[in-house]
Every structure is written in structure tokens, then in C-alpha cells.
Asker: 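Structure below; questions to follow.
Protein chains get the first letters and strands the later ones, always in sequence-line order, with residue 1 at the start of each.
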Amino acid sequence: MSFLEAKHLTKHFGGLTAVGNVSLKVEQGEIFGLIGPNGAGKTTLFNLISSFHIPTSGQVFFKGRNITGIKTHKICKLGICRTFQVVRPLRRMTVLDNVIAAAFSRTNSKARAYDLAMETMEFCGLLHRKDALAGGLPIGERKRLEITRAMATRPELLLLDETAAGLNPTESELAIKLIKKIRDRGVTIIIVEHNMKIIMTISDRIHAISFGQSIAEGTPQEVSCNPAVIEAYLGEEYDQCLT
Amino acid sequence: MKKYLPLILLILLIIFPLIGRDDYHRHLMILVLMWVVIGTGWNIIAGCTGQVSFGASAFFGVGAYTAGLFSFKLGLSPWWGLAVSGLVCMALAFPFGWISFRLRGPYFALVTLALGEILRHIATVWESLTGGMVGILIVQTYVSKVPYYYMVLALAILSVVGVKVIMGTKWGYYFLSIREDQDAAESLGINTQFYKMLSLNISAFITGMVGALYMVYMGFIDPKVVFSLHDISIMAILVGIVGGVGTIYGPVVGAFIMVGLQEFFRTGFFGLFKWLGAVTDAQAVKVAAKYVSEAHVLGFGILVVLVILYLPNGIVGDWGKIIGAFIPRRKKEVQR
Ligand SMILES: Nc1ncnc2c1ncn2[C@@H]1O[C@H](COP(=O)(O)OP(=O)(O)OP(=O)(O)O)[C@@H](O)[C@H]1O
Ligand SMILES: [Mg+2]
């Protein structure tokens with residue numbers, strides 16, 4: 001039994017097949033990379049796993065349980081939390097209040113939620129901004145807030161959708177460190193990322209999709225040398241392949 | 001200082017009947033306190049939870065008719081109606097919210113508007129139950145206004161303090177999260193449908209109670225008055241906007257200002273126009289005096305435009321800005 005398993009997931013939007021018959025298995029404790037060109041269906045796949053969309057066909061299993069089509073808010077209680085590619089801060093609330101709101105998914109007590117929030121902000125390195133309004137943060141910190149908020153729900157599986165996009169090199173370095181730290185806490189991570197340096201260094205395994213179809217899966221090494229991936233996504237000039 | 005303002009206001013309100021000894025001022029204060037409750041009811045669902053509502057009149061009217069019908073139809077004391085009015089309004093809010101919270105933003109606002117209007121028509125047409133346009137007349141229990149004053153004051157305190165307490169708990173955080181971003185809220189495990197229902201029911205409960213209180217106090221209601229779109233629903237929004245959307249004390253400040261402004265116009269600038277007319281004996285002034293008493297809507301319009309332009313967060317929300325407009329100047333003077 002895999003930790004998370006998607007079986008033949010398909011999602012149509014009108015005539016468009018955003019995700020077509022994608023199957024994948026994610027094991028507990030790994031960092032699972034998801035790559036593919038723009039519009040390949042990565043975000044849609046996240047939306048299917050996190051029940052934001054109901055699949056046209058196919059199922060999602062989490063720890064052996066069929067979670068296909070359950071209410072969106074119940075996903076969080078099960079231990080799955082996702083971040084948004086286009087960040088969604090609760091703008092007119094402070095960073096602290098954003099994180100407290102998330103922490104309330106694990107407790108009804110304000111004091112406990114506060115402690116949980118403070119601990120999570122410390123862990124994610126956002127404590128110094130706790131009193132800032134979320135809507136006023138620069139993009140780097142907004143992305144970090146997305147992760148912090150998700151972590152405050154104490155997930156077992158974290159879905160990160162391009163959390164390093166738009167970050168400068170120092171910030172991406174910090175993001176990589178944070179993601180590794182989260183994994184070391186025992187959280188399983190599925191990550192979508194266009195930055196090859198990041199995805200190739202942190203992923204244990206990578207799954208590549210194009211036009212909604214799976215085209216390859218394997219270690220970073222294997223995937224980066226896969227001709228279909230090179231053609232659809234990486235391009236001929238990508239010469240990190242070591243074979 | 002700012003911390004003690006609510007406490008000072010509370011003490012003033014409690015001793016008010018000793019100061020304002022005439023019925024006119026007591027009546028005005030009762031209206032203000034009623035608007036504190038209606039405004040707070042609007043604020044919890046619209047200001048804090050972000051589901052803009054034009055439905056205050058629906059719950060106000062149903063509350064008022066509950067009290068009225070207890071006496072008019074059942075021959076019971078209208079006070080029993082007051083006791084259950086909040087629950088009756090929740091019984092309405094439940095199915096209504098269940099269906100209409102599938103809609104978001106302006107679409108939700110439109111169905112709340114429709115709800116009030118539909119109920120107004122029902123109350124008008126269903127003559128055998130409600131007496132139709134003629135309305136309901138009941139005998140008031142007290143001659144003095146003081147008992148009513150303290151009842152509505154108690155309800156106002158309960159509403160404001162209740163909302164203040166709620167906003168510090170999980171419910172409050174969830175309401176604000178829903179207002180800011182429903183999708184993000186769902187991803188954080190918030191059952192948005194449930195918490196929107198909760199917020200609407202709290203709002204319906206207190207608005208219904210104050211509607212029933214209006215019935216027992218005034219002794220007379222008709223569909224045009226208690227289901228009024230612009231005198232109740234829109235006025236509730238104005239109280240919220242002027243005072244400060246999503247702030248605890250906003251509706252308190254808004255209620256004082258809006259009732260004050262309404263009275264200012266209704267009395268022709270506190271009799272100024274009448275006095276001018278008598279002094280100058282000019283026909284034009286007399287005509288103006290007649291119209292100005294009906295021009296309060298114009299006054300509201302101008303006020304709202306000014307508030308939205310200069311204090312978009314309302315008087316309470318932009319309190320710092322208002323103070324700031326005075327303080328820096330003072331500091332400069334000190335430096336000189
Ligand atoms: N809600 C929707 N309604 C209709 N079409 C959609 C919807 N969401 C996504 N699509 C379409 O589905 C396809 C896949 O989109 P998706 O956002 O999943 O791609 P992606 O792999 O995340 O791309 P990117 O790297 O640009 O983020 C696109 O063609 C997109 O236009
Ligand atoms: Mg995407």
C-alpha cells in the first residue's frame with residue numbers, strides 16, 4: 001500500500017483533457033517531484049488530489065483509503081495540505097493571524113493555536129514578520145507564508161505548487177533548506193517546480209507529464225536523461241544528463 | 001484613553017435615563033441602540049464573514065411579526081414572541097443559508113435582497129394572517145420609555161460583547177478567513193458552508209430579537225415599515241460602512257451618526273429652517289423647510305461618499321487616520 005496513490009486520474013474541462021489517465025504512487029517520507037511544461041496539468045493534478053476538483057474518472061487513495069470526491073475542507077483533517085501556485089494570503093489579517101487560523105484545524109483552543117502558530121513560524125523562519133499584514137508582504141515572504149500556513153495544519157502530506165517561482169537565488173536557497181527541513185520532520189512532499197536546479201537536487205523521484213499525459217518517472221538522473229522528457233520539456237540544450 | 005472609551009460610553013448609556021428626562025431624547029436613544037444591534041447583526045455576516053447582505057429587513061421584519069402575531073393571533077403576550085423571535089429567525093436563516101451560500105459575492109447579496117422583498121410581499125398579501133397593509137396594533141405594556149430603554153440597551157451590550165468574544169475565538173478567525181479567501185480557507189480545513197451558516201444565524205438571531213423589541217416598544221408595525229429595503233436593509237449597511245466594516249465598535253459609532261443625521265434632517269436642521277422661515281417670512285425658505293425634512297436620504301448619500309473617499313475603513317477602522325490628522329500638526333508646533 002502506497003502512502004498516496006492516484007489511479008487513472010482524468011479531468012476534462014469542456015473539450016480539454018487537462019489530466020488524462022495519470023497514475024502515480026508516492027511513498028511515505030519521500031520528496032516526489034512533478035515536472036512538465038506550462039499547461040501540462042500539474043496544478044490540476046494537485047487540485048484533484050486535494051479535492052478542489054472532482055476527477056472526471058479515476059481515484060485517489062491516501063494511506064489505503066479512497067478519498068476521491070470528499071469535501072475539500074476534510075482533506076486537511078486527513079493530513080493533506082496544499083499551497084497555491086498563485087499565492088492566497090488572507091490579506092487583511094496579520095501573518096500571525098493567518099497561521100493561527102490554520103492551526104485551528106488541529107485544536108479549538110486559542111492558546112494552543114497560538115503556540116502552534118508561533119512554533120511553526122519559528123520553524124519556517126517567518127517569526128520576524130508576525131505582525132505584518134499578509135497583503136503587504138513581498139513575494140518571497142508570501143510564498144513562505146503559504147508554506148508556513150500549510151505546515152501549521154500539521155500535514156502528513158504537503159503539496160507544494162511552485163513555491164520557489166519568482167524567488168531570487170538567496171531566497172531559493174532558503175526555500176530548498178526549508179523543504180528539506182520539512183521532510184526531515186517526517187512530512188511527505190509532492191513538489192511542482194520549474195527550477196531544474198531545485199527539483200533535481202531535492203527530489204527522491206520525479207514524475208514528468210506533458211499535455212496531461214505521464215511521459216516518464218524515475219530518479220532525477222533517469223528522468224533528466226529520458227528522451228521524451230528532453231523533447232517535451234527540458235530541451236536539447238539541457239546537458240545535465242550524466243550518461 | 002482609547003481603551004477606556006467603550007467603558008465610559010457604557011456608563012453614560014446606563015445613567016442616560018437620569019440625564020435625558022424627556023421622552024423625545026429617550027426615544028432617540030432607543031432608536032440608536034436598536035441600530036447598534038441591527039448594525040452589529042449586519043457586521044457579523046457582511047463585515048466579518050464577507051457575505052454582503054441586503055437582508056437585515058427580512059430578519060428584522062420576521063422578528064417583529066413574530067412578536068406581533070403572538071399577541072394578534074394567539075392572544076398571548078407579545079413578550080413570548082420576543083423570547084422566541086431569535087429562534088424563529090434562525091429557522092428562516094437555516095434553509096435560506098443552506099441554499100443561497102452556494103452563491104458567492106454579489107449573487108449572494110442579490111438573493112438576500114430578494115428575501116426581504118419576498119417577505120414584505122407575503123406580509124402584505126397574506127391578510128388573514130398578518131392583517132396586510134393595515135399592519136398590527138398591540139397595546140404597549142409600559143407607558144414609560146425607561147423599561148424599553150434598558151431592554152434594548154441590554155440587547156445592544158449582549159450583541160456587541162458577544163461579537164467581541166466570538167471574534168477572539170476559532171469562529172472569529174474562521175469568519176475572517178472566509179471573508180479574505182474562501183478557497184484558501186477550505187484548504188486550511190475550514191468548512192466554509194458551515195461557518196457562513198453559523199455567522200448568518202448569529203446575525204439573524206440578534207436582528208430578529210431587535211425586530212421583536214421594536215414591535216413591543218412601538219406597539220404598531222406594518223409590512224412597509226419593518227420589511228423596508230431602504231429604511232432597514234440599506235440603513236444597516238450604512239451604519240456598518242460609516243462606523244467601520246468588520247470592526248467591533250463600528251456599528252456603535254455608525255448608529256449614533258446615522259440616527260443623529262436622520263433626525264437632523266427630519267427636524268429641518270433641528271428647527272433651523274422653520275425658525276429662518278418665521279424670521280424672514282420668505283416663501284422660499286418655508287418651502288425649503290418642508291423639503292429638507294425629507295432630504296435625509298440625500299444627506300446619507302453625501303456622507304457615504306465622503307466616508308468611502310476619505311475613510312474607506314469607516315470611522316472606527318480609520319480612527320488612527322482621523323487622530324493622525326490632528327496629532328502631527330500638534331507635534332510640529334511643539335518642535336517650533
Ligand atoms: N478551472 C479550469 N477551467 C478550465 N480549464 C482549466 C482550468 N484549470 C486549468 N485549466 C486548463 O487545464 C490545463 C492544465 O492547466 P494547469 O494549471 O494544471 O497546468 P500547469 O501544469 O499547472 O501549468 P503551469 O506550469 O503553467 O502552472 C491548461 O490548459 C489550463 O488552461
Ligand atoms: Mg500550475
Asker: Answer yes or no: are there more than 12 heavy-atom neighbours, outside A:Leu16 itself, under 6.0 Å from its atom CG?
Answerer: yes
Asker: A quick test of your reading: do over 12 heavy atoms of other residues, nucleotides or ligands sit less than 6.0 Å from NZ of B:Lys321?
Answerer: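 Yes.
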Asker: Pick one of side chain, backbone, both or neither for A:Phe84, based on which atoms fall under 4.5 Å of a heavy atom in chain B.
Answerer: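 Side chain only.
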Asker: By a 4.5 Å heavy-atom criterion (distance strictly below it), what part of A:Leu90 contacts chain B: side chain, backbone, both, or neither?
Answerer: both
Asker: In this structure, are over 12 heavy atoms from other groups packed under 6.0 Å from A:Arg112 atom CZ?
Answerer: no
Asker: Output yes when a side-chain donor or acceptor of B:Lys170 lies under 3.5 Å from a complementary backbone atom of A:Phe104, and no otherwise.
Answerer: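 Yes, the answer is positive, given that a donor and an acceptor are paired below the 3.5 Å cut-off.
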Asker: Measure distances from B:Ser187 to the heavy atoms of chain A and classify the residue's part below 4.5 Å as side chain, backbone, both or neither.
Answerer: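 For B:Ser187, the contact with chain A is made by backbone and side chain together.
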Asker: Do you know which of B:Gly246, B:Ala184, B:Ala185 has the most heavy-atom pairs with chain A at a distance under 4.5 angstrom?
Answerer: B:Ala184
Asker: Keeping the roles fixed (side chain from B:Glu180, backbone from A:Arg92), state whether a donor-acceptor pair exists under 3.5 Å.
Answerer: yes
Asker: Are there more than 12 heavy atoms of other residues, nucleotides or ligands under 6.0 Å from atom CZ of B:Phe94?
Answerer: no
Asker: Name the region of A:Ser50, side chain, backbone, both or neither, that has any atom closer than 4.5 Å to a heavy atom of chain B.
Answerer: neither
Asker: Ignoring hydrogens, what is the shortest heavy-atom contact between B:Tyr173 and A:Ile100? Give both atom names and the distance.
Answerer: CE2-CG2, 3.7 Å
Asker: Rounded to the nearest 0.5 Å, how far apart are CG of B:Leu176 and CE of A:Met93?
Answerer: 5.0 Å
Asker: Under a 4.5 Å heavy-atom cut-off, does chain B meet the side chain of A:Thr107, its backbone, both or neither?
Answerer: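 Answer is backbone: N, CA, C or O of A:Thr107 sit under 4.5 Å from chain B.
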Asker: Heavy-atom pairs under 4.5 Å with chain A: which of B:Thr192, B:Ile190, B:Asp183 has the most?
Answerer: B:Asp183
Asker: Looking at A:Glu27, I want to see if its CD is surrounded by more than 12 non-hydrogen atoms of other residues, nucleotides or ligands under 6.0 Å.
Answerer: yes
Asker: Select one option (side chain, backbone, both, neither) describing which atoms of A:Lys77 are under 4.5 Å from chain B's heavy atoms.
Answerer: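 A:Lys77 touches chain B through side-chain heavy atoms alone.
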Asker: Below 4.5 Å from any heavy atom of chain B, which atoms of A:Ala102 appear? Answer side chain, backbone, both or neither.
Answerer: both
Asker: Taking it one step at a time, do A:Lys71 and B:Asn191 satisfy side-chain contact (heavy atoms from CB on, under 4.5 Å)?
Answerer: CA-CA 9 Å; A:Lys71 294 245 169 68; B:Asn191 183 346; 5.8 Å; no
Asker: Hey, which of A:Ser105, A:Ala101, A:Ser109, A:Cys81 has the most heavy atom pairs under 4.5 Å with chain B?
Answerer: A:Ala101
Asker: To the closest 0.5 Å, what do you measure between CD (B:Gln182) and CZ (A:Arg88)?
Answerer: 10.0 Å
